[in-house]
Each structure stands twice: as C-alpha cells, then as structure tokens.
Amino acid sequence: MQAFTTVHGIMAALPAANIDTDVIMPKQFLKGIDRAGLADGCFHDLRFDAQGVLRKDFVLNQSPWNRSSFLVTGPNFGCGSSREHAVWGLRQLGIRALLGTSFAGIFYDNCLRNGVLAVSLPDRYWQELVQLAQKPAHAALAIDLPAGKLTLTDGRTLPFELDALSREALIEGRDAIDSTLRFAALIGRFEQAHHAAKPWLA
Amino acid sequence: MPAPRTLYAKLVDDHTVRTLDDDGHVLLYIDRQVLNEYTSPQAFSGLRDAGRRVRRPRSALAVVDHVNPTVPKRGPAMADPGGQRQADYLAQNCQDFGIELFDVLDPRQGIEHVVAPEQGFILPGMVVAAGDSHTTTYGALGALGFGIGTSEIEHLLATQTLVYRRLKTMRVRVDGKPAPGTSAKDIVMALIRQIGAAGAAGYVIEFVGSAITSLGVAGRMTICNMAVEAGARGALVAPDAKVYAFLRHLPRTPQGAVWEAALRDWQTLRSDDDAVFDRDIQLDSDRLEPLVTWGTSPDQAVPIGGHVPNPTEENDSARRRDMQRAIAYMGLTPGMPVRDIAITHAFIGSCTNARIEDLREVADILRHRRVAHGVRAIIVPSSSAVRRQAEREGLDRIFVNAGFEWRQSGCSMCLAMNGDALKPGERCASSTNRNFEGRQGTGARTHLMSPVMVAAAAIYGRLTDVRELISGD
Ligand code: SF4
C-alpha cells in the first residue's frame, strides 16, 4: 500500500448526495479476478456516452480536473454495494483522497485499506471546498496528513481530523494482515476459549 | 451490578480478542464468513501472492450467486466468459484452501444470504462477515452480520479476525400490526424514508416492538437486509422461539446436549432493560401504507397514493438538485401521481424478497389473473431450495399461468451482472433493494416495492395499490 503523507493535487467537485458504488464502478467491470483495468470503469456511465465517447459535460473530463488527485464528495459517498472495485478504480484513476461530509461504512474501510484518505469535514469547510474546486485557479490543494491540515491556493489552512489508528495505517502504508498476525498467538488462545465455552460456534 | 448492555455490545464484547485503542477499535473474532465469486477472487490472489493460508477453512462457505444464469435449464458452462472465469477461480480456491462450495449446479445453491441461513450455517450470537453489504440479513437470527470489502476478506481469511470499530446504537421501535397489503418491506422502506439513506450511517440498528416480534423470520430478514439502505452497518432482532423453531431441523444446526446448551445461552441474547441506545426512532405500523420509490435512492419513496415530488417546493438547494437529477433520470414529471407510472418489466427476486413466504403471497395475488400486455414479468427464487418448495406447492404453475417467467435462483436482475439486464429507458417494478442509476442495466429505471406490489403492477402495467386486489376478502 502506498503511504500517504503530504500530497499535492487538483480537486474536483462531485457534491451530489448518495453517489453509490454502482455509479462509481458499474457492474460490467466486476467480472475480473484481479484488480487490473478498472480506471476505465470508474464513473463509466458518467464519463462516457453510449457510444463510448467522453462526455464533455462531466467534470472529470474537463481540464484541469481530468488530472484530479482529490474529489470533493457529497454526503453518504460510496453507499450501496461493498465492491472494493470502486476504490481500486478511483485509485487507478489517480485519486488519492476524498474530501466529503460523510462516507458509507464499508466504502470508508475499503479506502483505508487501499491508501485512499477519506476525510469527513465540517459543513462550512466542505462548502468552501466545493466552491473553490469549481474555479480552475483555486482547485489546487495540498493535504498534509501527519499535520492534519489542508492548504488552499491562497495559503490558508483548514484542519481535519482522523482517528489515530487509521492515520498511522495510512502514513505508514503498512500491511494490515501483518499487523494483526503479531497477535496470532492471542487469537489462537481466544479461539480455544470461545469454542470451549460455546461449542456450537466452532 | 454490571452496567446494562445492548445486545450489540454483548455480541462485540463476546468476540473481542483485544482492544486496540480508546477510539472504539477492537480486534474482532469472526465466527463465520460467506464467500461469493465476485468479491473474493482478489482476496485469494492476495493470499497466494503472500504465501498465506486460510486460517480456518471450516468457518467459511462459498456460494456462486451473482454471475450465474437463471435460465430455466441450467448447464455446467456459462455463456459469459467473465462469469465463468470467476466461478472457476472460486472453485479452484475452494479446492486449494479446503473451503466448502455450493456451485451453480449444487441443489443447495442460491443467494448467499438465503442459502447460509437455510443450512443452519448462521446461528444466534454469531458474528458473521462477508463480501456483500446485505450480510446484515443475519441479524434476523440474532447474529451480527456485516459486509466487508475484498481486502478485509483477505484479512479475515488469513486471521479469522477483523480490525473493527464499534458502532453507535440505534433502537427502532415498530409497534402495531401492518394492515393487509403492507409487509416487512413497507416497514423498512418507511424507516429509510423517515431517516434517509444515510440516516443510520455509523450505527447498528436493533429492531424492537410488537410489529417486529409478530413477524416471522423471513420478514425480519427482509428488514435486516434492507437496513443497510439506511446506511446501517448492522441490524439485529433479539432471537426468540420463532428463531429457534426456524433453526431446529436445519442440516448444520447443533443437536442434543449442544443444542440445549445453545438454547440456554441464546436466552441471554437481548438488550438489558436499562440499556442505553445512542438514538431512538419510533415507527407506527398501524398507519403504514404500501410504499414505492420514485427516485434513484431508496429513501426517495412515497405511499402508492402519493405523487412524484416537485423539486421547486424543496428549500435546500443541494437536495433540490438531487431531486431534479433523479426525476430526470427516471423520466418522470414532478407532481404526477405515482399510480400513473407505466412499467415495462416486473421483477420478483433478490435476497430481500424472494423467499418462499414472499412467493406464497405473490401467488395469492396472481391466482386467476394475467400480466398486462407489454409487460415482461420474471420471478427468480432466492435459492434452489425455495424453487423446489414453490414447485411442491404448485406456485410455479400459478406464476406461469399468469404470464410470469419462472427462473432458476440467483441474484439476477437485482444487480444485472449475469446478463438479466434492462435496456436504457426500460422501467421495472422490482422487489429488490436498490434503485440506483444503472443498477438493473445502464439507463434502466427501477421502482422498489414489496413483492405483492410488484405483482399488482405487473397485472395492471402500472404502479398499483395492491390493497385494491385484496379488499374483496
Ligand atoms: S440479490 Fe441483490 S442485493 Fe442480494 S446479494 Fe444478490 S445482488 Fe446483492
């Protein structure tokens, strides 16, 4: 997993509520057995028309947002299906962070596991980012995760919060399975006691 | 005296291997995992790449459900090479890692959330995780089920645990008795409408009240299943005698002394009287009406006597834009009665509403009636066992005589991964759980409702109040 410390990039605004994972990664891209080739699938039906031609009216097809590293997302972003393909696709499209008000639970966890920062901001900060993201001259942003701040084009900074465990995991880009396997012996002891007390769970 | 606890807290406490921080993160032991062909492949590849093994293969059950064809005669090969590759890779993974698989032709095959309970694989007090958001269904049995992504599946297979953050708790009380023509589906749709598609985000819901306890296990499954459409990461109903009766004779249910001990333990699976919930919600099921969605989010619903809302009457500008967009996508006119919405398709299926109980109710509506001209109507039972049971009861003949297609089991047009898909602009009355843009096919339009409401819509070719078809009783 790629570590996330300080990342500079362009942000694009996708402020609609309840953008679900069917929209982020439509079903026709779920047929693989690996993670490859999902950049095309990402927001496919918004980015391409029925003939496969780029839709000029979609923000991620317009300059400078076709180079976006960040999305300013609406409430409950990533709701619906658990498909991690949605996050793999965002990542392959070059997205490193999502700046929103709220994220669906499974989707949020999937982001964390793939080095994508998902930040829930207070409403007034979020409103401001939505406005700025729509102005090409102000759509650039720097995200400093260790310091917990966003730096805008005019030099102002906005603080953001993330729980310590998630922050560390992102900053170190560490493998979650390795971390847990440190407790392998403890898991074994727990399991034995669990099944001894309640054999129907075994 | 120990502090009173919610059922949810008891389940999490009981499965906590280790507390990880003061923010609510724990290392959570998982009793069972269910695997499907489309969210598991990369997890197995990850294990292979890292040279890791599956820690506890017997805790896992694998089912092919999303990509399989539901044509009436099913062969060993799929027409779709992508689906075939996923099914083949799942079979190979199950063989190499020693996991039991219900493949496409297995008589126990079906939608995972239906098949696992049918087998007695899920028991009260368990914690279950699976690569599908509707894993919340198991709450109907008093098991904490929740969906996870593919990286988490890999973590779970390798460690039998997950790094888990405790949720806030919401108690939803539903008292009264649903009137004829309304059902569990209307209860959960009413909840989603009331609190919104993110209304339970960050929460686990416990459903309580006389309307819930009077439901059978199937109705409770419908409610727990669709709670995720309100953003809930888990849903629970305290198990009772109906649950024990449901489990008693299933293939994997424990027997003898172990069953007796389990029964004693399950009595404790309830929230203590003084347990405090972070949020309390009240729904009144006496005034419940059949609901239908008009938009592209499950919370965009109205009673069947209602109208498509008018965005100009919405003060919040963001909400107004979302409404306009949904109405445009759905091809509707603001203010029109929803009963004027004509359909091209009727679909009864999915893990929400295609159990035998649903099919019996649908058969009661369809008996001696015909699907309207120009409507393609399809029933996909939720499992092969449900299909056989329906055929034993003669329900299939009622469906076919009414003009419905009678299919093999699977997810089918609930998410349209297997080729059962709508074309752009086609409009479907659907007993499923998601009306998202493109869910049932690119450009397709979905109206969610209960299965009997789908049957009524099929008969009239437009959204219809099913109560008019049962009022003669
Ligand atoms: S029936 Fe639909 S909701 Fe249920 S598991 Fe299948 S695709 Fe998911």
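The analysis underlying the following values was restricted to heavy atoms, covering all of them including side chains, and did not include hydrogens, waters or symmetry mates. Proteins get letters first, then strands, A, B, ... in listed order; numbering begins at 1 in each.
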Rounded to the nearest 0.5 Å, what separation is found between the [atom1] atom of [X] and the [atom2] atom of [Y]?
{"X": "Cys79(A)", "Y": "Phe436(B)", "atom1": "SG", "atom2": "CZ", "value": "4.5 Å"}
{"X": "Asp88(B)", "Y": "Ile33(A)", "atom1": "CG", "atom2": "CD1", "value": "9.0 Å"}
{"X": "Thr180(A)", "Y": "Leu162(B)", "atom1": "OG1", "atom2": "CG", "value": "8.5 Å"}
{"X": "Trp200(A)", "Y": "Glu260(B)", "atom1": "CH2", "atom2": "CD", "value": "11.5 Å"}
{"X": "Asp45(A)", "Y": "Glu437(B)", "atom1": "CG", "atom2": "CD", "value": "8.5 Å"}
{"X": "Asn18(A)", "Y": "Asp299(B)", "atom1": "CG", "atom2": "CG", "value": "5.5 Å"}

If you count heavy atoms of other groups shown closer than 6.0 angstrom to [atom1] of [X], is the number above 12?
{"X": "Gln192(A)", "atom1": "CD", "answer": "no"}
{"X": "Asp22(B)", "atom1": "CG", "answer": "no"}
{"X": "Lys10(B)", "atom1": "NZ", "answer": "yes"}
{"X": "Arg48(B)", "atom1": "CZ", "answer": "yes"}
{"X": "Arg58(B)", "atom1": "CZ", "answer": "no"}
{"X": "Arg55(B)", "atom1": "CZ", "answer": "yes"}

Keeping the roles fixed (side chain from [X], backbone from [Y]), state whether a donor-acceptor pair exists under 3.5 Å.
{"X": "Lys198(A)", "Y": "Ala262(B)", "result": "no"}
{"X": "Gln86(B)", "Y": "Leu30(A)", "result": "yes"}
{"X": "Asp163(A)", "Y": "Asp23(B)", "result": "no"}
{"X": "Arg83(A)", "Y": "Gly149(B)", "result": "no"}
{"X": "Lys31(A)", "Y": "Gln84(B)", "result": "no"}

Closest heavy-atom pair and its distance - [X], [Y]:
{"X": "Thr150(B)", "Y": "Asn110(A)", "value": "N-OD1, 4.4 Å"}
{"X": "Gly32(A)", "Y": "Pro41(B)", "value": "O-CG, 4.1 Å"}
{"X": "Leu186(A)", "Y": "Arg18(B)", "value": "CD2-CD, 3.6 Å"}
{"X": "Ala198(B)", "Y": "Asn76(A)", "value": "CB-CG, 3.4 Å"}
{"X": "Ser133(B)", "Y": "Ser81(A)", "value": "OG-CA, 3.9 Å"}

Which bit of [X] is near chain B, if near means a heavy-atom gap under 4.5 Å: side chain, backbone, both or neither?
{"X": "Phe183(A)", "answer": "side chain"}
{"X": "Leu46(A)", "answer": "side chain"}
{"X": "His44(A)", "answer": "neither"}
{"X": "Ala202(A)", "answer": "both"}
{"X": "Ala16(A)", "answer": "both"}

Item to check | CA sep, side-chain torsions, deciding dist, call: Arg233(B), Asp109(A), side chain to side chain contact (heavy atoms under 4.5 Å, CB included) | outcome: CA-CA 12 Å; Arg233(B) 196 74 195 276; Asp109(A) 290 349; 3.1 Å; yes

Next on the checklist: For a side-chain hydrogen bond (donor to acceptor under 3.5 Å, both in side chains) check, start with the C-alpha distance between Asp14(B) and His194(A), then their side-chain angles and the critical distance, and finish with the verdict.
Outcome noted: CA-CA 8 Å; Asp14(B) 210 31; His194(A) 189 59; 5.0 Å; no

Tell me which of these, [options], has more heavy-atom pairs under 4.5 Å with chain A than the rest.
{"options": "Val67(B), Val228(B), Asp80(B)", "value": "Asp80(B)"}
{"options": "Ala261(B), Ala201(B), Pro254(B)", "value": "Ala261(B)"}
{"options": "Arg56(B), Arg252(B), Arg165(B)", "value": "Arg56(B)"}

Item to check | Interface residue of largest heavy-atom contact number with chain B, from Ile187(A), Asp34(A), Ile177(A), under 4.5 Å | outcome: Ile177(A)

Item to check | When Ala17(A), Pro199(A), Pro15(A) are compared by non-hydrogen pairs under 4.5 Å with chain B, the top option | outcome: Ala17(A)

Checklist entry - What class does the angle between the rings of Tyr38(B) and His85(A) fall in, given that below 30° is parallel, 30 to 60° is tilted and above 60° is perpendicular? => result parallel

Measure distances from [X] to the heavy atoms of chain A and classify the residue's part below 4.5 Å as side chain, backbone, both or neither.
{"X": "Arg439(B)", "value": "both"}
{"X": "Ser151(B)", "value": "both"}
{"X": "Arg85(B)", "value": "both"}
{"X": "Ile148(B)", "value": "backbone"}
{"X": "Thr16(B)", "value": "backbone"}
{"X": "Thr159(B)", "value": "both"}

Item to check | Derivation of the side chain to side chain contact (heavy atoms under 4.5 Å, CB included) call for Lys27(A) and His66(B) | outcome: CA-CA 10 Å; Lys27(A) 61 193 127 279; His66(B) 285 72; over 6 Å; no

Next on the checklist: Applying side chain to side chain contact (heavy atoms under 4.5 Å, CB included) to Val163(B) and Leu165(A), what does each step give before you reach the verdict?
Outcome noted: CA-CA 10 Å; Val163(B) 175; Leu165(A) 204 69; 4.0 Å; yes

Checklist entry - Is it the case that Thr39(B) and Glu84(A) place a side-chain donor and acceptor less than 3.5 Å from each other? => result no

Checklist entry - Are Asp175(A) and Arg52(B) within salt-bridge range, i.e. N to O under 4.0 Å? => result yes

Checklist outcome for this item: Per side-chain hydrogen bond (donor to acceptor under 3.5 Å, both in side chains), Arg113(A) is matched among Glu154(B), His155(B), Glu152(B) by Glu152(B)

Checklist entry - Can Thr442(B) and Gln28(A) be said to form a side chain to side chain contact (heavy atoms under 4.5 Å, CB included), step by step? => result CA-CA 10 Å; Thr442(B) 304; Gln28(A) 60 268 36; 4.2 Å; yes

